[in-house]
Amino acid sequence: MAAEAKETEELTKSEDSEDSDSSGEGGSTTEMDFLRTLFSRTLGISTPEKVLDELSLEGVSKFMLSEKCKNVVCMVGAGISTSAGIPDFRSPGSGLYSNLQKYNLPYPEAIFQIGFFKENPEPFFALARELYPGQFKPTICHYFIRLLKEKGLLLRCYSQNIDTLERVAGLLSDDLVEAHGTFHTSHCVGTFCKAEYSLSWMKEKIFSDLIPKCEKCNNLVKPDIVFFGESLPSRFFSTAKSDFPKVDLLIVMGTSLQVQPFASLVSKVPINTPRLLINKEKTGEGETFLSFLGLGGGMDFDSDKAYRDVAWLGNCDDGCLALAESLGWKAELEELVKKEHAAIDAASQKSEKKTEQKEETKTDQKEEKKE
């Protein structure tokens with residue numbers, strides 16, 4: 001306590017030695033600087049080291065190409081999939097929650113409420129037919145993340161999305177933390193059953209206009225996406241605990257950062273780790289106690305204390321292209337997208353042809369029976 005008192009006394013003397021006529025806005029700024037310094041010393045928080053040469057996309061790309069950047073984590077939301085034709089949740093007019101009137105829900109979020117689902121599963125499965133994986137191609141954003149993996153920079157991708165497009169783009173299970181679950185697998189909701197079902201099994205049921213029921217106990221079968229009222233996968237917590245202390249760069253794309261605990265991850269990186277936001281609007285600027293003191297917490301893009309956060313505002317695909325261009329990867333990214341989309345189209349055509357052949361065979365068999 002004596003040491004703290006001495007520090008306070010020294011700080012006070014230092015404050016008094018400055019222009020004693022400071023008043024108004026200038027005086028308030030000086031007082032806030034004094035408080036920041038006092039809290040920093042008392043809490044043992046040192047002034048963070050600036051890692052970026054400049055707070056811009058160019059500054060981020062220069063850092064990415066340096067030896068200092070080895071572990072990149074991406075945090076992504078629905079905004080990276082909108083150019084694939086999948087609506088996000090909250091955009092006024094075009095967002096998913098604005099277009100659910102036809103399901104006669106008591107409120108939009110009910111479609112993802114576990115209690116409502118168990119009583120009335122039809123609206124969810126009707127929506128699932130519209131959004132089901134396999135009908136959409138990954139976007140430029142998805143392939144940019146794939147490129148990070150190929151460059152040996154991707155530590156992990158934390159996704160709020162349930163569309164599985166990260167997997168389609170080439171990320172493996174170990175590369176991903178699907179924070180809000182996935183359609184990739186499904187399980188029986190029965191307390192003592194929990195039988196697992198595959199993506200193909202669920203797809204067959206949904207597109208046959210059937211409510212998926214467990215073959216063992218006849219309970220509902222639900223895709224492994226996290227509904228309101230359910231816990232996040234344990235992998236989310238365990239992996240985040242080991243990943244975030246060693247993140248060199250955090251890239252946040254296409255998310256409003258409104259849903260917890262996912263949104264809180266931005267504050268889990270080391271205090272000098274740069275954070276890049278690629279989004280239609282600024283977000284994550286929480287007015288926390290620490291950010292008020294200029295010591296961390298929420299993202300800080302504009303204050304005079306900003307030292308690591310960069311915002312690129314606009315379409316997520318355009319943001320990834322701009323970053324790729326700054327990195328010298330643009331041509332490589334565009335070629336990857338072109339090649340992968342062509343492969344998806346070829347596979348889709350092959351599948352459609354097989355389906356047509358099966359239908360023709362069934363028709364021929366029916367005709368033979370008639371004869």
Query raised in the report: Does the pair Y158 and D243 meet the rule for a side chain to side chain donor-acceptor pair (under 3.5 Å), with working shown?
Result: CA-CA 11 Å; Y158 286 74; D243 280 350; 2.7 Å; yes

Requested in this report: Mind listing the closest non-hydrogen atom pair of N219 and G190 along with its distance?
Outcome: ND2-CA, 3.6 Å

Query - K222 vs E230, salt bridge (charged side-chain N to carboxylate O under 4.0 Å, His left out): CA-CA, chis, key distance, verdict - result: CA-CA 12 Å; K222 181 181 80 65; E230 292 186 305; 3.3 Å; yes

Query - For V226 against P233, the heavy-atom pair lying closest together - result: CG2-CD, 3.8 Å

Report summary line: d(K246 NZ, L155 CG) to nearest 0.5 Å is 6.0 Å

Requested in this report: Let me see the working for S186 and E196 under side chain to side chain donor-acceptor pair (under 3.5 Å), right down to the final yes or no.
Outcome: CA-CA 6 Å; S186 301; E196 182 174 317; over 6 Å; no

**Report entry** For the student: nearest non-hydrogen atoms of D163 and L165, plus distance
**Finding:** OD1-N, 3.0 Å

Query raised in the report: So, are R167 and E178 salt-bridged, with charged N and O less than 4.0 Å apart?
Result: yes

Query - Student check: side-chain heavy atoms of K205 and K213 closer than 4.5 Å - result: no

Query raised in the report: Below 4.5 Å, heavy atoms only, C-beta onward: do P212 and M202 meet side chain to side chain?
Result: yes

**Report entry** Backbone of G59 reached by a side-chain donor or acceptor of S56 within 3.5 Å
**Finding:** yes

Query raised in the report: Taking all atoms of both residues into account, what is the closest heavy-atom pair of C320 and I140, and its distance?
Result: CB-CG2, 4.2 Å

Query raised in the report: Is the gap between the ring centers of H142 and F136 under 6.0 Å?
Result: no

Report summary line: Shortest non-hydrogen pair, L148 vs C74, comes out as CD1-SG, 3.7 Å

Query raised in the report: Do the side chain of Y197 and the main chain of E215 share a donor and acceptor less than 3.5 angstrom apart?
Result: yes

**Report entry** Neighbour count >12 (heavy atoms, 6.0 Å) for atom NZ, K338
**Finding:** no

Query raised in the report: Side chains of F116 and F228: does their closest heavy-atom pair fall under 4.5 Å?
Result: no

Query - Close side-chain approach of R129 and K203, heavy atoms under 4.5 Å - result: no

**Report entry** Test item: T283 side-chain N/O and S256 main-chain N/O as donor-acceptor pair under 3.5 Å
**Finding:** yes

Query - Spacing of I80 atom CD1 and I278 atom CD1 [to the nearest 0.5 Å] - result: 10.5 Å

Requested in this report: May I ask you to decide whether K151 forms a salt bridge with E332, counting only side-chain N to carboxylate O separations under 4.0 Å?
Outcome: yes

Query raised in the report: Would a distance-only check, ignoring hydrogens and angles, find a side-chain to backbone donor-acceptor pair under 3.5 Å from R235 to L176?
Result: yes

Query - Flag, side chain of S326 to backbone of A322, donor-acceptor distance under 3.5 Å - result: no

Requested in this report: Identify the heavy atoms of E166 and C157 that sit nearest to each other, and give their distance.
Outcome: CG-SG, 4.4 Å

Query - Donor-acceptor contact present, side-chain T239 to main-chain F236, <3.5 Å - result: no

Query raised in the report: Cluster question for you: counting only ILVMFWY and a side-chain heavy-atom cut-off of under 4.5 Å, with indirect links fine, are I211 and I111 together?
Result: yes

Query raised in the report: Atom NZ in K339, atom CD1 in I344: separation rounded to 0.5 Å?
Result: 11.5 Å

Query raised in the report: Under 4.0 Å between a Lys/Arg side-chain N and an Asp/Glu carboxylate O for K330 and E335?
Result: no

**Report entry** Intermediate values then yes/no, side chain to side chain contact (heavy atoms under 4.5 Å, CB included), V269 and R308
**Finding:** CA-CA 12 Å; V269 297; R308 62 167 172 167; 3.7 Å; yes

Requested in this report: Tell me, yes or no, whether the heavy-atom count around E281 atom CD, taken from other residues, nucleotides or ligands under 6.0 Å, exceeds 12.
Outcome: no

Query raised in the report: Below 4.5 Å, heavy atoms only, C-beta onward: do V72 and D248 meet side chain to side chain?
Result: no

Query raised in the report: Backbone N or O of F63 within a donor-acceptor pair of the S66 side chain at under 3.5 Å?
Result: yes

Query raised in the report: Could you go step by step and tell me if L55 and D309 meet the side chain to side chain contact (heavy atoms under 4.5 Å, CB included) rule?
Result: CA-CA 7 Å; L55 297 180; D309 295 328; over 6 Å; no

Requested in this report: For the pair E285 and D302, evaluate side chain to side chain contact (heavy atoms under 4.5 Å, CB included) and give the outcome as yes or no after the intermediate values.
Outcome: CA-CA 10 Å; E285 301 173 282; D302 303 312; 4.1 Å; yes

Query raised in the report: Under 3.5 Å, side chain of E122 to main-chain N/O of A126, donor-acceptor pair present?
Result: no

Query raised in the report: Is a salt bridge present between D175 and K149, judged by a nitrogen-to-oxygen distance below 4.0 Å?
Result: yes

Query - Donor-acceptor contact present, side-chain R146 to main-chain A169, <3.5 Å - result: yes

Report task. Report yes if the side chains of F144 and L327 come closer than 4.5 Å at any heavy-atom pair, otherwise no. Result -> yes

Query raised in the report: Is there a side-chain contact between I251 and M253, using heavy atoms and a 4.5 Å cut-off?
Result: yes

Report task. Carefully, step by step, assess D224 and H187 under the rule side chain to side chain donor-acceptor pair (under 3.5 Å). Result -> CA-CA 7 Å; D224 291 341; H187 282 83; 2.8 Å; yes

Query - Main-chain N/O of S198 paired with T185 side-chain donor or acceptor, under 3.5 Å - result: no

Query raised in the report: In the single-linkage hydrophobic clustering (I, L, V, M, F, W, Y; side-chain heavy atoms under 4.5 Å), do L313 and L323 co-cluster?
Result: no

Query raised in the report: Hey, which of N279, L276, L257 is the one that makes side chain to side chain contact (heavy atoms under 4.5 Å, CB included) with V252?
Result: L257

Requested in this report: Rounded to the nearest 0.5 Å, what's the gap from CG on L199 to OG1 on T182? Could you check?
Outcome: 8.0 Å

Query raised in the report: About how many Å separate NE2 of H180 and CG of L232, when rounded to the nearest 0.5 Å?
Result: 5.0 Å

Query raised in the report: Looking at K62 and D53, does any basic side-chain N land under 4.0 Å from a carboxylate oxygen?
Result: yes

Query - Stepwise side chain to side chain contact (heavy atoms under 4.5 Å, CB included) check, L249 with R275 - result: CA-CA 6 Å; L249 171 67; R275 300 180 294 191; over 6 Å; no

Query raised in the report: Does a side-chain heavy-atom distance below 4.5 Å link W312 with V60?
Result: no

Query raised in the report: How are the rings of F227 and F117 set to each other: parallel, tilted or perpendicular (split at 30° and 60°)?
Result: perpendicular

**Report entry** Crowding at NZ, K268 (>12 non-hydrogen neighbours, <6.0 Å)
**Finding:** no

Report summary line: Rounded to the nearest 0.5 Å, the CD atom of E58 sits from the CG atom of L52 at a distance of 11.5 Å

